[in-house]
Engineer: 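Got a structure here, written out as structure tokens. Questions coming.
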Amino acid sequence: MYPHHQRVLERIREKFANDPQFHAILLGGSIAHGWGRESSDVDVYMVVDDETFARLQEKNALFYYDTELCDYPGGYIDGKIITYSFMKEAADRGSEPTRSSFIGSYPIYNRVPGLEDVLRRIPVYPVEEKAEKISAFYAQVQLLGHYFVRQALEKGNRYLLAHAVSDLVLFGSRLILAHNERLYPGHKSLFRVLELAEDKPADFMELADRLLQAPTLDNAKAFIDCVEQFSSWGVPYPEAVSLFIEHNEWNWRQGRPPLEDW
């Protein structure tokens, strides 16, 4: 952490530690993850009680933004308002991007008993969901790669091609992350976390980048072959079609986050 970031954390503590509205403030984002740059903003979670949260939610005021506490060029505080009950839900059933956002997180200050124990349980890969996720992600890879990319190219449908290729790379990447039991951080940091995955095809990153830059049938085939030959994923094509229908066309019935956030 850079000295100017540390100064911001100290100012946050001074400003909010005695404010009864905020029961705890947690550092998050790139600084907590350990990959903050000199210019990085300061991401925080601000913990309030359920009544305060409901009041702020009615006003669409669950976001905190502050530049005055930052003394470096372009610096700002990016805060999200949450509750302790939100944290307990995240520990029990949070999506991977939510879990990932708490990696390395710690309290700048805290008045909530038990909060740190709950905090430790959030950024943990849900191993009990691994098999289901691998099947679902591999089904996406098969349908996107073997059907939708080809259809888009044959019909000259640029929108479908861009969508199919980006999702093909996404779900191929989700397979690798699940295989390594690493949390998916969301689109912005996907490739950064993929680089950290120990067990992946040697040319995976190169083939993904090549496909995104030049979405041709040959590049799509090379990427799919790379994924399919890396492991026996255990989902034959007819089963993949069924899973694709459930997770794409009928996902409204499941009451779960979109598949990309599982």
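None of the values given here were measured: they were computed from a predicted structure.
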Engineer: So, Tyr65 versus Tyr76, ring centres under 6.0 angstrom or not?
Structural biologist: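 That pair passes the under 6.0 Å test.
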Engineer: Within 45° of the ring axis of Tyr125 and under 6.0 Å from its six-membered ring centre, is that where the NZ or CZ of Lys133 lies?
Structural biologist: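 That pair qualifies as a cation-pi contact.
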Engineer: Give, for atom CG of Leu9 and atom CD1 of Ile108, the distance between the pair rounded to the nearest 0.5 Å.
Structural biologist: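 Spacing of CG (Leu9) from CD1 (Ile108) equals 4.5 Å.
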Engineer: Between Phe223 and Phe204, does the ring centroid distance fall short of 6.0 Å?
Structural biologist: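 Yes, close enough.
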Engineer: Does a side-chain heavy-atom distance below 4.5 Å link Gln140 with Glu260?
Structural biologist: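 Counting from C-beta outward, Gln140 and Glu260 never come under 4.5 Å.
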Engineer: Distance check, rounded to the nearest 0.5 Å: Tyr64 atom OH versus Ile81 atom CD1?
Structural biologist: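 The OH atom of Tyr64 sits 9.0 Å away from the CD1 atom of Ile81.
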Engineer: Look at the aromatic rings of Tyr72 and His4 and report parallel, tilted or perpendicular, splitting at 30° and 60°.
Structural biologist: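 Tyr72 vs His4 ring planes: tilted.
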Engineer: Return yes when atom CG of Asn18 has more than 12 non-hydrogen atoms of other residues, nucleotides or ligands closer than 6.0 Å, and no otherwise.
Structural biologist: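 No, CG of Asn18 has 12 or fewer neighbouring heavy atoms, counting only those of other groups under 6.0 Å.
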Engineer: Could you tell me whether Phe86 and Phe53 have their ring centroids closer than 6.0 angstrom?
Structural biologist: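 No, ring centres 6.0 Å or more apart.
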Engineer: Without swapping roles, check the side chain of Asn219 against the backbone of Pro215 for a donor-acceptor pair under 3.5 Å.
Structural biologist: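 Looks like no, no N/O pair under 3.5 Å.
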Engineer: Would Arg174 and Glu96 count as a side chain to side chain contact (heavy atoms under 4.5 Å, CB included) here? Give the steps.
Structural biologist: CA-CA 11 Å; Arg174 293 299 310 271; Glu96 287 195 33; 3.1 Å; yes
Engineer: Taking CZ in Arg158 as the centre, count heavy atoms belonging to other residues, nucleotides or ligands within less than 6.0 Å. Is the count above 12?
Structural biologist: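 Not buried by this count: 12 neighbours or fewer within 6.0 Å.
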Engineer: Would you say the side-chain atoms of Tyr109 pair up with the backbone N or O of Phe16, donor to acceptor, closer than 3.5 Å?
Structural biologist: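 Looks like yes, one N/O pair under 3.5 Å.
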Engineer: Regarding Tyr159 and Asn157, do their side chains bring together a donor and an acceptor under 3.5 Å, going by distance alone?
Structural biologist: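 Looking only at side-chain atoms, Asn157 and Tyr159 do not form any donor-acceptor pair under 3.5 Å.
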Engineer: Is it true that a side-chain atom of Arg99 and a backbone atom of Ala91 form a donor plus acceptor pair closer than 3.5 Å?
Structural biologist: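 Yes: the side chain of Arg99 pairs with the backbone of Ala91.
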Engineer: For atom CD of Glu68, is the number of surrounding heavy atoms from other residues, nucleotides or ligands below 6.0 Å larger than 12?
Structural biologist: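 Not more than 12 within 6.0 Å, no.
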Engineer: Any donor and acceptor pair, going by atom type alone, linking the side chain of Ser105 with main-chain N or O of Ser101 inside 3.5 Å?
Structural biologist: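 No; zero donor-acceptor contacts below 3.5 Å.
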Engineer: Please give me the minimum heavy-atom distance between Pro201 and Ile176, naming the atom from each residue.
Structural biologist: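 Where Pro201 meets Ile176 most closely, the heavy atoms are CD-CD1, 3.8 Å.
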Engineer: To the closest 0.5 Å, what do you measure between CZ (Arg11) and SG (Cys70)?
Structural biologist: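 It comes to 8.0 Å.
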Engineer: Quick one: does Leu27's side chain get under 4.5 Å of Val42's, heavy atoms only?
Structural biologist: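 Leu27 vs Val42: side chains touch.
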Engineer: Any chance you could measure Asp41, atom CG, to Thr67, atom OG1, to the nearest 0.5 Å?
Structural biologist: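 The OG1 atom of Thr67 is 12.5 Å from CG of Asp41, to the nearest 0.5 Å.
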Engineer: In the structure I gave you, are the side-chain heavy atoms of Val44 and Leu26 within less than 4.5 Å of one another anywhere?
Structural biologist: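 Side chain of Val44 against side chain of Leu26, heavy atoms only: no contact under 4.5 Å found.
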Engineer: Looking at side-chain heavy atoms only, is the closest gap between Phe22 and Asp49 below 4.5 Å?
Structural biologist: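 Heavy-atom side-chain distance check fails, nothing below 4.5 Å.
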Engineer: Decide yes or no for Leu183 and Leu177: does some side-chain heavy atom of the first lie under 4.5 Å from some side-chain heavy atom of the second?
Structural biologist: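 No; the side chains remain at least 4.5 Å from each other.
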Engineer: Looking only at the aromatic ring of each residue, does the gap between the centers of Phe148 and Phe244 stay below 6.0 angstrom?
Structural biologist: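 Yes, they do, as the ring centres are separated by less than 6.0 Å.
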Engineer: Quick check on Arg111: does its CZ atom have over 12 non-hydrogen neighbours (other residues, nucleotides or ligands) under 6.0 Å away?
Structural biologist: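 Correct, the count exceeds 12.
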Engineer: May I ask you to check whether Tyr138 and Tyr237 place their ring centers less than 6.0 Å from one another?
Structural biologist: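 Centroid separation for Tyr138 and Tyr237: 6.0 Å or greater.
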Engineer: Can you establish whether the number of heavy atoms outside Arg150 located under 6.0 Å from its atom CZ is more than 12?
Structural biologist: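 Open: at most 12 neighbouring heavy atoms sit under 6.0 Å from CZ of Arg150.
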Engineer: Around Glu154, counting heavy atoms of other residues, nucleotides and ligands shown, do more than 12 lie under 6.0 Å from its CD?
Structural biologist: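 Yes, because the 6.0 Å sphere around CD of Glu154 holds more than 12 heavy atoms from other groups.
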Engineer: Looking only at heavy atoms, which two atoms of Thr98 and Ile122 are closest? And how far apart?
Structural biologist: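 In terms of heavy atoms, the two residues are closest at O-CG2, 4.4 Å.
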Engineer: For Ala164 versus Val149, what's the shortest heavy-atom pair and its separation?
Structural biologist: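 Smallest interatomic distance, heavy atoms only, reads CB-CG2, 3.9 Å.
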Engineer: Given the rule in the side chain to side chain contact (heavy atoms under 4.5 Å, CB included) test, do Ile25 and Tyr45 qualify, once you have shown the distances and angles that lead to the verdict?
Structural biologist: CA-CA 6 Å; Ile25 295 185; Tyr45 277 115; over 6 Å; no
Engineer: Can you tell me which residue among Leu243, Val241, Ile224, Val235 is in a side chain to side chain contact (heavy atoms under 4.5 Å, CB included) with Gln142?
Structural biologist: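 Output: one option passes, namely Val235.
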Engineer: Check the side chains of Ser30 and Asp43 for a donor-acceptor pair under 3.5 angstrom, ignoring hydrogens and angles.
Structural biologist: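 Result is no, nothing qualifies.
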Engineer: Does any part of the side chain of Lys200, heavy atoms only, come nearer than 4.5 Å to the side chain of Met205, both counted from C-beta?
Structural biologist: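 The answer is yes; the side chains approach within 4.5 Å.
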Engineer: Just by distance, do the side chain of Trp233 and the backbone of Ala139 share a donor-acceptor pair under 3.5 Å?
Structural biologist: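 A pair under 3.5 Å: no.
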Engineer: Are Arg256 and Glu132 ion-paired here, with the side-chain N under 4.0 Å from a carboxylate O?
Structural biologist: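 Yes, charged N to carboxylate O under 4.0 Å.
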Engineer: A side-chain contact here means heavy atoms from C-beta on lying under 4.5 Å apart; do Tyr184 and Pro97 qualify?
Structural biologist: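 With C-beta onward as the side chain, the pair touches.
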Engineer: Can any side-chain N or O of Asp203 pair as donor or acceptor with the backbone N or O of Glu206 at less than 3.5 Å?
Structural biologist: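 A pair under 3.5 Å: no.
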Engineer: Under 3.5 Å, side chain of His23 to main-chain N/O of Asn110, donor-acceptor pair present?
Structural biologist: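 Checked: no pair found.
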Engineer: Side chains of His146 and Glu228: donor-acceptor distance under 3.5 Å anywhere?
Structural biologist: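 Side chains of His146 and Glu228: pair found under 3.5 Å.
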Engineer: If only atom types and distance count, is the side chain of Ser166 paired as donor or acceptor with the main-chain N or O of Ala162 below 3.5 Å?
Structural biologist: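 A pair under 3.5 Å: yes.
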Engineer: Can you say whether the rings of Phe230 and His179 are parallel (under 30°), tilted (30 to 60°) or perpendicular (over 60°)?
Structural biologist: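 Correct class here is perpendicular.
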Engineer: Does Ser173 use its side chain to pair, donor to acceptor, with the backbone of Val169 at less than 3.5 Å?
Structural biologist: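 Side chain of Ser173 to backbone of Val169, a donor-acceptor pair under 3.5 Å: yes, one is there.
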Engineer: Do the non-hydrogen side-chain atoms of Glu116 and Pro107 ever get within less than 4.5 Å of each other?
Structural biologist: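 Side-chain contact under 4.5 Å: yes.
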Engineer: Could you check whether Asp225 pairs with Lys221 (Lys NZ or Arg NE/NH1/NH2 to Asp/Glu carboxylate O, under 4.0 Å)?
Structural biologist: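 Salt bridge flag = yes for Lys221 with Asp225.
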